[in-house]
*Asks:* 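Mind having a look at this structure? Questions to follow.
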Amino acid sequence: MKLKESVSFVVTGDSFITRRNMQNKSQSFYELKDIICKGDVKFTNLEVTTHDFEGYPHAFSGGTWAIAEPNVLKDIKAFGFNLVNCANNHAMDYSEGGLLATIQHLKQEMLPYAGIGKHLAEASKPTYIETENGRIALVAVTTTFHESWMAGEQRKDMKGRPGVNGLRINSEYTVEKKYYDSLKSLVHKIDINAQYNLDVKEGFAVEKENVLKFGQYDFVEGTENKSYRYPHNQDKTRIIKSIMEAKRQADFVLVSIHSHEMEDEDKSKPAEFMKQFARECIDAGACAILGHGPHILRGIEIYKHCPIFYSLGNFIFQNDTVSHLPADFYNKYSLSGDCDVAEALDVRNKDNTIGLGVNPYVWESVIAHFVMDIHGLKSIELYPIDLGFDLPPYRRGWPALSHNKRIVDRLTQLSAEFGTKIVTSEDGGMIKL
């Protein structure tokens with residue numbers, strides 16, 4: 001298929017959907033659908049597993065064990081979406097069984113996805129969709145996941161392991177000599193490294209050169225006190241290779257990155273490694289980076305005529321209406337076996353006085369509509385949405401178009417550090433190129 005003049009993309013952030021959409025005949029639903037269907041490509045991040053409890057709850061979750069009945073995929077399609085990311089911190093909430101069942105239901109609904117698979121090669125591979133105006137690829141990755149969730153590589157003599165396409169992040173702490181010497185002295189006074197030292201001696205761990213191990217943390221001596229995070233080289237190489245492969249097989253390559261990691265304690269600022277990695281993905285052939293994960297908006301950068309959305313916030317957010325929670329959740333909050341889901345969530349949120357529910361930025365986001373041709377980015381339009389911050393937890397979470405100028409103003413402030421200028425428009429905002 002020959003590329004026509006341009007391709008249109010409509011992209012959103014997290015769709016944490018746990019309820020069937022009974023609003024799909026409302027004016028609000030059709031307003032959103034009309035915007036989404038402006039795109040040849042319509043993308044969202046599927047933030048839940050969709051199955052009938054085929055998998056066991058994993059001992060570790062992404063925060064809430066995210067499960068929804070498979071029919072919610074029909075609602076995702078009803079909005080118009082034709083491409084989803086599945087590499088995120090909830091993909092393995094119900095272990096391998098839940099992940100494989102989710103894959104099965106996605107295939108039954110003929111909803112293209114990327115980022116998970118029966119083994120690492122499948123989780124890492126690009127997914128392609130054919131549109132009227134060109135062929136589009138999606139490579140999907142998460143930097144936020146439990147280490148046991150990483151998909152395993154196949155060998156000629158061993159099958160792989162189901163999981164996510166993960167980008168592991170290494171952390172290293174540089175400290176001044178006086179602190180380094182104190183840590184070094186302390187290591188020898190307590191048993192914090194006892195197991196690690198034994199593992200090195202017996203060949204079960206590999207010692208790093210010029211690195212002081214202190215429990216699970218790595219310290220090096222330097223002239224200042226700072227932390228440094230950087231991607232695992234093997235993972236980065238694999239992902240870049242997937243992007244380069246996709247570039248040879250498609251007109252445009254999208255890269256979806258699910259990342260909760262932040263700069264210092266500010267959720268609105270992406271981690272430095274995220275900014276560097278996003279730019280490297282574009283250098284490798286990606287046309288846009290679709291970021292999501294922190295459940296709030298982050299800034300937008302235009303790099304080499306390509307958009308980097310560091311976080312598109314939420315599109316659907318219904319984490320307070322999951323139907324079931326495993327015993328691990330109740331035990332964490334010292335709750336009895338007679339406690340139900342609603343009670344457990346109320347305890348976690350302290351009756352809706354703490355947590356994501358009381359943060360208004362969680363319930364305000366945008367839908368981004370951008371157009372690209374062979375020369376790069378032609379336009380970006382931003383449509384503000386509201387997810388019902390003031391509604392009861394069991395009703396909020398569905399998006400509706402908003403005319404609240406504050407949403408675009410905040411995104412403008414967040415994007416300023418990247419030199420991106422957003423101007424208000426009748427529908428919301430647009431980026432000056």
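This is a predicted model, so every value here is computed, not measured. The first residue of the sequence shown is numbered 1, and numbering continues consecutively from there.
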*Asks:* Under a 3.5 Å threshold, yes or no: a donor from one side chain and an acceptor from the other, between Asn88 and Asn45?
*Replies:* yes
*Asks:* Counting only N and O atoms by type, is there a donor-acceptor contact under 3.5 Å from the side chain of Asn331 to the main-chain atoms of Ser334?
*Replies:*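 Side chain of Asn331 to backbone of Ser334: no pair is present.
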*Asks:* Would you call the rings of His295 and Phe317 parallel, tilted or perpendicular, where under 30° means parallel and over 60° means perpendicular?
*Replies:*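 Correct class here is tilted.
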*Asks:* Quick check: does any side chain N or O of Glu122 sit under 3.5 Å from a backbone N or O of Lys118, one acting as donor and the other as acceptor?
*Replies:* yes
*Asks:* Could you check whether Asp320 and Asn352, counting side-chain N and O atoms only, form a donor-acceptor pair closer than 3.5 Å?
*Replies:* no
*Asks:* Listed by chain and number, what are the side-chain hydrogen bond (donor to acceptor under 3.5 Å, both in side chains) partners of Thr412, not counting sequence neighbours?
*Replies:* none
*Asks:* Sequence neighbours left out, what passes salt bridge (charged side-chain N to carboxylate O under 4.0 Å, His left out) with Lys107? Give chain and number order.
*Replies:* none
*Asks:* What residues form a salt bridge (charged side-chain N to carboxylate O under 4.0 Å, His left out) with Asp235, not counting sequence neighbours?
*Replies:* Arg168, Arg238
*Asks:* Can a donor-acceptor pair be found between the side chains of Glu280 and Gln276 at a distance below 3.5 Å?
*Replies:* no
*Asks:* Between Asn85 and Ser256 (side chain of the first, backbone of the second, donor and acceptor by atom type, cut-off under 3.5 Å), is there such a pair?
*Replies:* no
*Asks:* Between Glu301 and Lys275, does any side-chain N to carboxylate O distance fall below 4.0 Å?
*Replies:*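 Result for this pair is no, no salt bridge flagged.
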*Asks:* Do the ring planes of Trp149 and His146 sit parallel (below 30°), tilted (30 to 60°) or perpendicular (above 60°)?
*Replies:* tilted
*Asks:* Quick test of your reading of the model: are Arg229 and Glu261 salt-bridged, counting only N-O distances below 4.0 Å?
*Replies:*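 Looking at Glu261 together with Arg229, the answer is no, because their closest N to O distance does not fall below 4.0 Å.
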*Asks:* Cut-off 3.5 Å, side chains only: do His258 and Thr144 have a donor facing an acceptor?
*Replies:*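 Note: His258 and Thr144 side chains miss the donor-acceptor criterion.
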*Asks:* Measure from the side-chain N and O atoms of Asn314 to the backbone N and O of Val362, and report whether any donor-acceptor pair falls under 3.5 Å.
*Replies:* yes
*Asks:* Ignoring hydrogens and angles, tell me if any N or O in the side chain of Asp93 forms a donor-acceptor pair with the backbone of Gly62 under 3.5 Å.
*Replies:* yes
*Asks:* Would you check if the side chain of Glu263 reaches a backbone N or O of Glu272 as a donor-acceptor pair within less than 3.5 Å?
*Replies:* yes
*Asks:* Between Phe81 and Phe315, is a ring pair (Phe, Tyr, Trp, His ring centres under 6.0 Å) present by the stated rule, with each step listed?
*Replies:* CA-CA 12 Å; Phe81 294 112; Phe315 179 72; 5.3 Å; yes
*Asks:* Hey, are Thr143 and Ser259 close enough side-chain-wise for a donor-acceptor pair under 3.5 Å?
*Replies:*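 Checked: Ser259/Thr143 side chains pair up, N/O donor to acceptor below 3.5 Å.
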*Asks:* Taking atom types as modelled, find out whether Ser124 and Asn165 have a side-chain donor-acceptor pair closer than 3.5 angstrom.
*Replies:*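 Their side chains do contain a donor-acceptor pair, which is all the 3.5 Å distance test asks for.
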*Asks:* Any side-chain heavy-atom pair from Tyr330 and Val341 closer than 4.5 angstrom?
*Replies:* yes
*Asks:* Working note: Phe219 + Tyr173, criterion ring pair (Phe, Tyr, Trp, His ring centres under 6.0 Å); need CA distance, chi angles, decisive distance, verdict.
*Replies:* CA-CA 5 Å; Phe219 289 87; Tyr173 300 87; 5.6 Å; yes
*Asks:* Does the gap between the ring centers of Phe79 and Phe29 come in under 6.0 Å?
*Replies:* yes
*Asks:* Any sub-3.5 Å donor-acceptor pair from Thr44's side-chain atoms to Leu83's backbone N or O?
*Replies:* no
*Asks:* Using modelled atom types and a 3.5 Å cut-off, is there a donor and acceptor pairing between side-chain atoms of Ser365 and backbone atoms of Leu312?
*Replies:*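 Judged by distance alone, yes, a pair lies under 3.5 Å.
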*Asks:* Classify the side-chain pair Thr49/His90 by whether it contains a donor and acceptor separated by less than 3.5 Å.
*Replies:* no
